[in-house]
Chemist: 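One structure, as structure tokens, below. Some questions next.
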Amino acid sequence: MITLLNTLFSEKGELFTIGQGRCVLFAHCKPQIGIYEKSTQVPVLVKTGGQMKSMRFVIALCGDTEFTCFTVEERMQNAERYELTADLLRNDGIVERFYFHNISLVEINSSGEWEFELNATEEQMRKLSEMAGI
């Protein structure tokens with residue numbers, strides 16, 4: 001079972017493409033970070049069994065994304081990977097800039113929302129979970 005635990009909203013973000021040894025600004029955006037928990041029933045020798053839980057972080061870029069190039073498709077074809085910076089408001093009122101390296105494009109849906117899988121470090125997962133109140 002997959003459960004959405006919380007969503008963090010950023011007022012400022014930048015998406016970069018990395019390819020051919022170059023880092024190029026691809027878009028200005030307001031990313032949303034969805035924090036999901038996946039529970040999997042694990043069979044054991046006793047009746048009750050157990051559950052294995054894992055966290056999944058997903059970044060969504062919505063309709064207010066401003067691309068910095070004329071041909072988005074061409075830039076995407078040359079991209080080897082993506083990186084993102086996002087300014088997130090902490091619980092103490094201070095904005096903290098996060099740098100997410102090597103994020104993976106999952107899909108672009110029909111409403112124009114881009115979804116990326118985030119490979120967060122342990123420190124980033126801890127900070128994001130604290131900010132989300134988890």
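Computed from a prediction, not measured in an experiment: that's the story for all the values here. Side-chain atoms are counted along with the backbone in the values below, which use heavy atoms only and exclude waters and symmetry mates. Along the sequence shown, the residues carry numbers beginning at 1.
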Chemist: Say you draw a straight line from CD1 of Ile59 to CG of Leu8; how long is it, rounded to the nearest 0.5 Å?
Modeler: 10.5 Å
Chemist: Between Gln20 and Glu80, which heavy-atom pair has the shortest distance, and what is it?
Modeler: N-OE2, 3.0 Å
Chemist: Out of the candidates Thr3, Leu4, Ile134, only one should pair with Ile35 under the side chain to side chain contact (heavy atoms under 4.5 Å, CB included) rule; please name it.
Modeler: Ile134
Chemist: Is any side-chain heavy atom of Met1 less than 4.5 Å from a side-chain heavy atom of Lys38?
Modeler: no
Chemist: Are Trp114 and Leu25 connected in a single hydrophobic cluster, I mean Ile/Leu/Val/Met/Phe/Trp/Tyr linked by side-chain heavy atoms less than 4.5 Å apart?
Modeler: no
Chemist: Please tell me if the side chains of Ile103 and Leu15 come closer than 4.5 Å, counting only heavy atoms from C-beta onward.
Modeler: yes
Chemist: For the OG1 atom of Thr85 and the CD atom of Glu14, what is their distance to the nearest 0.5 Å?
Modeler: 4.5 Å
Chemist: In terms of heavy-atom contacts, does CD of Glu122 have more than 12 from other residues, nucleotides or ligands at under 6.0 Å?
Modeler: no
Chemist: Phe67 vs Phe26, test: ring pair (Phe, Tyr, Trp, His ring centres under 6.0 Å). Steps then yes/no.
Modeler: CA-CA 6 Å; Phe67 293 98; Phe26 185 43; 5.2 Å; yes
Chemist: Using the rule that two of Ile, Leu, Val, Met, Phe, Trp, Tyr join whenever any of their side-chain heavy atoms come within less than 4.5 Å, decide whether Phe100 and Ile18 are in one cluster.
Modeler: no
Chemist: Can you tell whether the side chains of Glu130 and Arg126 come within less than 4.0 Å, N to carboxylate O?
Modeler: yes
Chemist: Report yes if some heavy atom in the side chain of Glu115 is under 4.5 Å from a heavy atom in the side chain of Asn109; otherwise report no.
Modeler: no
Chemist: Please examine the side chains of Asp87 and Glu11, heavy atoms only from C-beta on, and report whether any two atoms are closer than 4.5 Å.
Modeler: no
Chemist: Are Leu5 and Met55 close enough, and set up right, to give a side-chain contact (heavy atoms from CB on, under 4.5 Å), and what steps lead you there?
Modeler: CA-CA 10 Å; Leu5 299 177; Met55 300 283 280; 4.0 Å; yes
Chemist: Looking at CE of Met125 and CG of Asn119, how far apart are the two atoms once the value is rounded to the nearest 0.5 Å?
Modeler: 9.5 Å
Chemist: Within the 4.5 Å heavy-atom criterion, are Arg56 and Glu117 side-chain neighbours or not?
Modeler: yes
Chemist: Taking atom OG1 of Thr65 and atom CD of Glu113, what is their separation to the nearest 0.5 Å?
Modeler: 9.0 Å
Chemist: Identify whether Leu84 and Phe16 are in the same connected component of the hydrophobic contact network (ILVMFWY, side-chain heavy atoms under 4.5 Å).
Modeler: no
Chemist: Report yes or no: do Tyr36 and Ile33 belong to one cluster of Ile/Leu/Val/Met/Phe/Trp/Tyr joined by side chain heavy-atom distances under 4.5 Å?
Modeler: no
Chemist: How far apart are the C-alpha atoms of Met76 and Tyr82, what are their side-chain angles, what is the distance that settles it, and do they pass the side-chain contact (heavy atoms from CB on, under 4.5 Å) test?
Modeler: CA-CA 9 Å; Met76 289 175 62; Tyr82 297 91; 3.7 Å; yes
Chemist: Mind running side-chain contact (heavy atoms from CB on, under 4.5 Å) on Arg97 and Lys12 for me, showing each step along the way?
Modeler: CA-CA 9 Å; Arg97 179 161 294 160; Lys12 179 183 174 191; 3.4 Å; yes
Chemist: Looking only at heavy atoms, which two atoms of Tyr99 and Gln124 are closest? And how far apart?
Modeler: O-NE2, 2.7 Å
Chemist: Please give me the minimum heavy-atom distance between Asn91 and Met131, naming the atom from each residue.
Modeler: OD1-O, 3.5 Å
Chemist: Decide side-chain contact (heavy atoms from CB on, under 4.5 Å) for Val106 and Val58; before the verdict, give the C-alpha distance in whole Å, the side-chain angles of both, and the deciding distance to 0.1 Å.
Modeler: CA-CA 9 Å; Val106 175; Val58 175; over 6 Å; no
Chemist: Heavy-atom distance under 4.5 Å between the side chains of Phe57 and Leu128, does that happen here?
Modeler: yes
Chemist: Given side chains that start at C-beta, do those of Glu96 and Leu88 come closer than 4.5 Å, heavy atoms only?
Modeler: no
Chemist: Shortest non-hydrogen contact from Lys30 to Ser10?
Modeler: CB-O, 3.4 Å
